[in-house]
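First up is the structure itself, then whatever we jot down about it.
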Amino acid sequence: MGFMDKLKNKFKQTEEETDDISTKYKEGMAKTRNSFSGKINDLIARYRKVDEDFFEELEEVLIEADVGVNTVMDLVDELKMEVKRQNIKDTSQIKDVISEKLVEIYYGDDNEEMEKLNIRQDELSIILVVGVNGVGKTTSIGKLAHQLKEEGKHVMLAAGDTFRAGAIEQLDIWGERAGVDVIKQSEGSDPAAVIFDGIKAAKSRNADVLICDTAGRLQNKVNLMNELAKVNRVIEREVPEAPHDVLLVLDATTGQNALSQAKTFSEATDVSGIILTKLDGTAKGGIVLAIRNELQIPVKFAGLGEGIEDLQEFDAHAFVYGLFADLLEDEDE
């Protein structure tokens with residue numbers, strides 16, 4: 001059984017399962033898929049043989065999807081080796097190899113556990129959320145809080161983004177929506193002091209998870225790094241081995257700019273995972289692969305819509321299914 005068949009079987013749905021993860025990825029990645037699948041199909045229709053010209057055009061399609069030049073070179077080299085190894089001559093057989101290699105590039109030497117949050121059992125877990133203003137950081141925190149609460153966790157929020165006008169009020173609104181308490185001080189307060197208060201409150205109320213918002217100003221990198229370092233010191237002092245996750249929020253629609261933000265924040269703090277927002281709003285969803293391959297940071301959540309339920313745990317198989325869903329369905333017909 002080929003890899004595409006395995007994907008198809010994995011995400012085959014009964015009528016009752018239409019709201020499952022494959023549907024979310026299929027619907028949420030329509031823009032990327034329409035662009036990506038259409039071009040791959042066109043390529044396969046125009047080239048009967050898998051030759052150098054075919055690979056050159058494939059490189060262009062992948063780069064246009066924001067997969068990233070370095071990642072594309074790695075991927076195409078691997079594809080060439082696999083085509084030789086399997087003695088593939090006909091382009092109709094190449095879809096299977098492309099989809100398999102996309103998943104392999106994503107996971108590398110890691111397993112699927114790297115996509116999970118590092119939530120501790122029977123002790124306070126602290127999640128630090130970082131990212132520039134305007135990427136959907138506060139919204140993502142609210143959605144994540146809602147999700148964890150639905151799983152039965154006692155969740156609290158700390159409003160550590162004290163510099164942006166309205167940030168505290170915005171987090172308050174999301175706290176109300178998700179039904180969780182928000183620890184806050186007045187605008188302009190020291191972020192580390194707010195986080196300290198949040199940890200004290202979370203401990204005294206026996207919370208399972210404390211999600212900490214942080215300032216998102218990138219204009220002065222030195223200040224940003226100093227602030228994050230100070231917040232980290234406070235967290236480590238109060239809860240050894242914390243933060244248990246540092247999640248960087250990136251806007252998928254900004255493409256390669258998201259990649260450079262990820263590099264900056266990785267220098268400032270130990271980013272353990274990415275929340276990629278607005279994946280449903282871009283035709284360049286390949287940025288997922290560029291982030292993973294070039295920065296070695298897993299995407300832990302993907303924003304696939306506006307609703308409170310639309311922050312999905314990332315699943316590389318479902319992502320690749322989202323890219324190829326139309327091709328798989330064409331085959332069925």
Side-chain angles (χ1 to χ4, degrees), residues 24-25 27-36 63-69 71 106 115 127-147 160-161 163-167 170-171 173-174 211-219 221 224 228 245-269 271-295 297-316 318-319 322-323:
K24 296 262 179 161
Y25 273 88
E27 290 172 359
M29 291 186 60
K31 282 190 179 174
T32 294
R33 183 174 62 258
N34 291 344
S35 165
F36 186 79
I63 288 168
E64 279 172 20
D66 248 349
V67 173
V69 175
T71 308
Y106 187 81
E115 291 162 357
I127 300 171
L128 192 63
V129 183
V130 301
V132 299
N133 297 335
V135 292
K137 185 159 53 79
T138 313
T139 305
S140 297
I141 291 170
K143 290 178 180 180
L144 183 56
H146 166 77
Q147 200 172 100
D161 187 356
F163 298 108
R164 181 170 65 87
Q170 196 186 354
L171 195 68
I173 291 164
W174 272 104
I211 306 176
C212 305
D213 194 6
T214 59
R217 301 173 303 169
L218 254 192
Q219 292 86 335
K221 207 159 102 173
L224 174 81
L228 285 175
D245 260 310
V246 178
L247 301 180
L248 169 61
V249 183
L250 296 173
D251 178 342
T253 64
T254 63
Q256 292 300 307
N257 191 26
L259 205 59
S260 63
Q261 283 172 27
K263 286 174 183 162
T264 301
F265 276 97
S266 297
E267 290 164 19
T269 185
V271 176
S272 60
I274 304 283
I275 297 178
L276 194 62
T277 64
K278 306 176 198 170
L279 193 56
D280 58 316
T282 181
K284 293 175 174 282
I287 193 67
V288 168
L289 294 154
I291 289 165
R292 172 70 191 130
N293 195 45
E294 295 182 30
L295 300 174
I297 303 170
V299 175
K300 294 204 176 191
F301 292 91
L304 294 167
E306 297 294 318
I308 199 164
E309 306 280 352
D310 290 329
L311 188 70
Q312 289 293 310
E313 281 190 6
F314 187 74
D315 177 325
F319 170 77
L323 278 180

* Asked: For the side chain of Thr214 and the backbone of Gly160, is there at least one donor-acceptor N/O pair under 3.5 Å apart?
  ->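 The answer is no, because no donor-acceptor pair under 3.5 Å joins these two groups.
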* Asked: Within the distance-only criterion (no hydrogens, no angle test), does the side chain of Thr269 pair as donor or acceptor with the backbone N or O of Phe265 below 3.5 angstrom?
  ->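 No, Thr269 side chain to Phe265 backbone: no donor-acceptor pair under 3.5 Å.
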So, for [X] and [Y], which heavy atoms are closest and what is the spacing to 0.1 Å?
X: Phe319; Y: Gly285; result: CZ-O, 3.5 Å
X: Thr282; Y: Lys31; result: O-CB, 3.3 Å
X: Arg292; Y: Tyr106; result: NE-O, 2.6 Å
X: Asp66; Y: Ala290; result: O-CB, 3.8 Å
X: Ser140; Y: Val249; result: OG-CG1, 4.0 Å
X: Val271; Y: Leu248; result: CG1-CB, 3.7 Å

Approximate separation, where rounding is to 0.5 Å, of [X] [atom1] and [Y] [atom2]:
X: Leu323; Y: Ser35; atom1: CG; atom2: OG; value: 10.0 Å
X: Asn293; Y: Leu295; atom1: CG; atom2: CG; value: 9.5 Å
X: Leu250; Y: Lys137; atom1: CG; atom2: NZ; value: 12.0 Å
X: Ile275; Y: Ile127; atom1: CD1; atom2: CD1; value: 8.0 Å
X: Thr32; Y: Leu279; atom1: OG1; atom2: CG; value: 6.0 Å
X: Ile274; Y: Glu115; atom1: CD1; atom2: CD; value: 13.0 Å

* To do: Applying side-chain contact (heavy atoms from CB on, under 4.5 Å), run through Ile211 and Leu144 and close with a yes or a no.
  => CA-CA 9 Å; Ile211 306 176; Leu144 183 56; 4.1 Å; yes
* Residues that Glu64 engages under salt bridge (charged side-chain N to carboxylate O under 4.0 Å, His left out), provided they are two or more places apart ->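 Glu64 satisfies salt bridge (charged side-chain N to carboxylate O under 4.0 Å, His left out) with Lys39 once adjacent residues are dropped.
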Under the rule for side chain to side chain contact (heavy atoms under 4.5 Å, CB included), what residues qualify as partners of [X], not counting sequence neighbours?
X: Thr138; value: Arg164, Gln170, Leu171, Trp174, Asp213
X: Ile63; value: Val69, Val72
X: Asp251; value: Val135, Thr253, Thr254, Thr277, Lys278

Compile the donor-acceptor pairs under 3.5 Å between side chains in residues 299-307 and protein atoms, sequence neighbours left out, one pair per line.
| unit_1 | atom_1 | unit_2 | atom_2 | d |
| --- | --- | --- | --- | --- |
| Lys300 | NZ | Lys116 | O | 2.9 |
| Lys300 | NZ | Asp245 | OD1 | 3.0 |

* Asked: Quick one: are Leu276 and Phe314 in side-chain contact, heavy atoms under 4.5 Å?
  ->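 When only atoms from C-beta onward are counted, Phe314 and Leu276 do not touch, as no gap falls below 4.5 Å.
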* Do Ile287 and Gln256 come close enough that some side-chain heavy atom pair is under 4.5 Å? ->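 Heavy-atom side-chain distance check passes, below 4.5 Å.
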* Cationic N near anionic O, under 4.0 Å, Asp310 to Lys24 ->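 Yes, charged N to carboxylate O under 4.0 Å.
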* To do: List for me each residue that meets side-chain hydrogen bond (donor to acceptor under 3.5 Å, both in side chains) alongside Thr139, sequence neighbours excluded, and say none if there are none.
  =>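 Not a single residue meets the side-chain hydrogen bond (donor to acceptor under 3.5 Å, both in side chains) criterion with Thr139.
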